[in-house]
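As C-alpha cells, the structure follows; a few thoughts come after it.
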Amino acid sequence: MKTVLFIPARYASTRYPGKPLVTLRQRDGSAKSLIQMSWEAALRVRGVDAVYVATDDDRIADAARGFGADVVMTSESCENGTARCADALARLAIAPDLVINLQGDAPLTPPWFVEALIDAMQADPTVGMATPVLRCDRQTYDNFIDDRRNGRVGGTTAVFDRNMNALYFSKEVLPFIDAGKVPDPIPVFHHVGVYAYRPSALAEYAAIPPCTLENLEGLEQLRFLYGGIPVRCVEVDARGRVFWELNNPMDVARIESALQEAP
C-alpha cells in the first residue's frame, strides 16, 4: 500500500498556544521543538512513502522547513487534525491507499505503534480507520487520576468491544475504578493520538457535521462513531517505554523525564 503520513500542527491551541514550537530538553542536553521531535518520530516508521507537516501557520511552516520537513499549507478553518489531514490530502492531489495522522503533540510515539496500524489495515481491507490503544501501567494510570483530581485535561482513554471496535473515547478515566480496588492488570486503555484512514473514510468524515459529543469532549474521533463509522482499536505494547502526550505545560517535564529514562 502507498502510505502518506501527515503531522497536523496548529499554533492557536486553546490549552497551550504555540505548542508545536515549544522546545524540550533532549537526553544529550540539546533542545528540539515539539514539531521537530514529531517529524523525527515519523521518519522512523517503516512502510511510509512520504511525510508532511500540515499546518496553516507560517511560523510552524518556517520552523519545519528549517529542519528539512516537507510542508503542506492547509486552511485555517480545519477544526481538528483529521480535518487538516483531509484538507492536506486534497491539496496535494495524490491518491494514497492509506493516510496516517501522527499528531504533533506525541513525540514519544514509538514507530511500532504506527506500524501496527499499517499492518492491521493491510490484514483487514474492511477496516476504514484504526487507532492504537495502550494498556495503562500504574504510573500512567496514576498520572491520569492526578490530572483529573486537579482539574487538568490529560490523556484520553478508550473502551472497545470484543472485536476491538471502539465503543467510546473520553478525557475522563474510563472505566471508573474504586481507588481501593485497582486490579492488576489495570483495565484502562490509554488512547494514542495516531490514526490510520483509508481515503474513503476521510471523505466520509468530512461530510459529517461536528457532533455534540465531539465538541464536549474535544475528541475528533467521536465524529466517526457518531456517524456510524467503526473505529478499530489496535492494542500496542510500549516495550518498556513511557508514553505521554504534551497536552498541558506541565507535560513538558513529564516528557523530558521520559526522554532521560528511555532505554
Separation of [Y] [atom2] from [X] [atom1] (nearest 0.5 Å):
X	Y	atom1	atom2	value
Gln139	Asp146	CD	CG	11.5 Å
Met129	Cys233	CE	SG	9.0 Å
Asn215	Glu220	CG	CD	12.0 Å
Gln103	Tyr195	CD	OH	5.0 Å
Tyr226	Arg223	OH	CZ	10.5 Å
Asn101	Arg84	CG	CZ	10.5 Å

Trace of the side chain to side chain contact (heavy atoms under 4.5 Å, CB included) decision for Phe113 with Leu134: CA-CA 9 Å; Phe113 282 18; Leu134 177 66; 4.1 Å; yes

Between the side chains of [Y] and [X], is the shortest nitrogen-to-carboxylate-oxygen separation below 4.0 Å, so that they form an ion pair?
X	Y	result
Asp57	Arg59	yes
Glu115	Arg46	yes
Arg65	Asp70	no
Arg135	Asp237	no
Asp251	Arg254	yes
Arg198	Asp97	no
Lys32	Glu40	yes
Arg27	Glu256	no

Is [Y] reachable from [X] through a run of hydrophobic residues whose side-chain heavy atoms are each under 4.5 Å from the next?
X	Y	value
Val234	Val231	no
Met121	Leu202	no
Leu246	Leu21	yes
Val99	Met1	no
Ile186	Val173	yes

Do [X] and [Y] pair up side chain to side chain, a donor and an acceptor below 3.5 Å, judged on atom types alone?
X	Y	result
Tyr11	Thr55	no
Glu217	Ser170	yes
Asp137	Thr140	yes
His191	Thr157	no

4.5 Å side-chain heavy-atom contact, [X] and [Y]:
X	Y	answer
Leu24	Met37	yes
Phe169	Thr131	yes
Val72	Val53	no
Val133	Val236	no
Tyr52	Ile7	no
Lys19	Arg10	no
Val22	Val252	yes
Leu219	Asn80	no

Mutual orientation of the aromatic rings belonging to Phe160 and Phe189 [parallel < 30°, tilted 30-60°, perpendicular > 60°]: perpendicular

Aromatic plane relationship, Phe144 with His190 - under 30° parallel, 30 to 60° tilted, over 60° perpendicular: perpendicular

Criterion side chain to side chain contact (heavy atoms under 4.5 Å, CB included) on Arg138 and Asp184, from CA distance to verdict: CA-CA 9 Å; Arg138 189 65 197 224; Asp184 184 20; over 6 Å; no

Where do [X] and [Y] come nearest, in terms of heavy atoms and distance?
X	Y	answer
Phe6	Leu89	CZ-N, 3.9 Å
Cys78	Asp87	SG-CB, 3.7 Å
Leu34	Gly104	CG-O, 3.2 Å
Ile208	Gly227	CD1-CA, 3.8 Å
Pro96	Pro199	O-CG, 3.2 Å
Pro187	Ile177	CD-CD1, 3.9 Å

Has [X] got a side-chain atom pairing as donor or acceptor with [Y]'s backbone, closer than 3.5 angstrom?
X	Y	answer
Asp161	Asn163	yes
Glu204	Phe224	no
Asp49	Thr3	yes

Derivation of the side chain to side chain contact (heavy atoms under 4.5 Å, CB included) call for Ile100 and Val4: CA-CA 6 Å; Ile100 303 294; Val4 171; over 6 Å; no

Audit row: Val51, Trp39, side chain to side chain contact (heavy atoms under 4.5 Å, CB included) steps and yes/no: CA-CA 8 Å; Val51 175; Trp39 176 71; 3.9 Å; yes

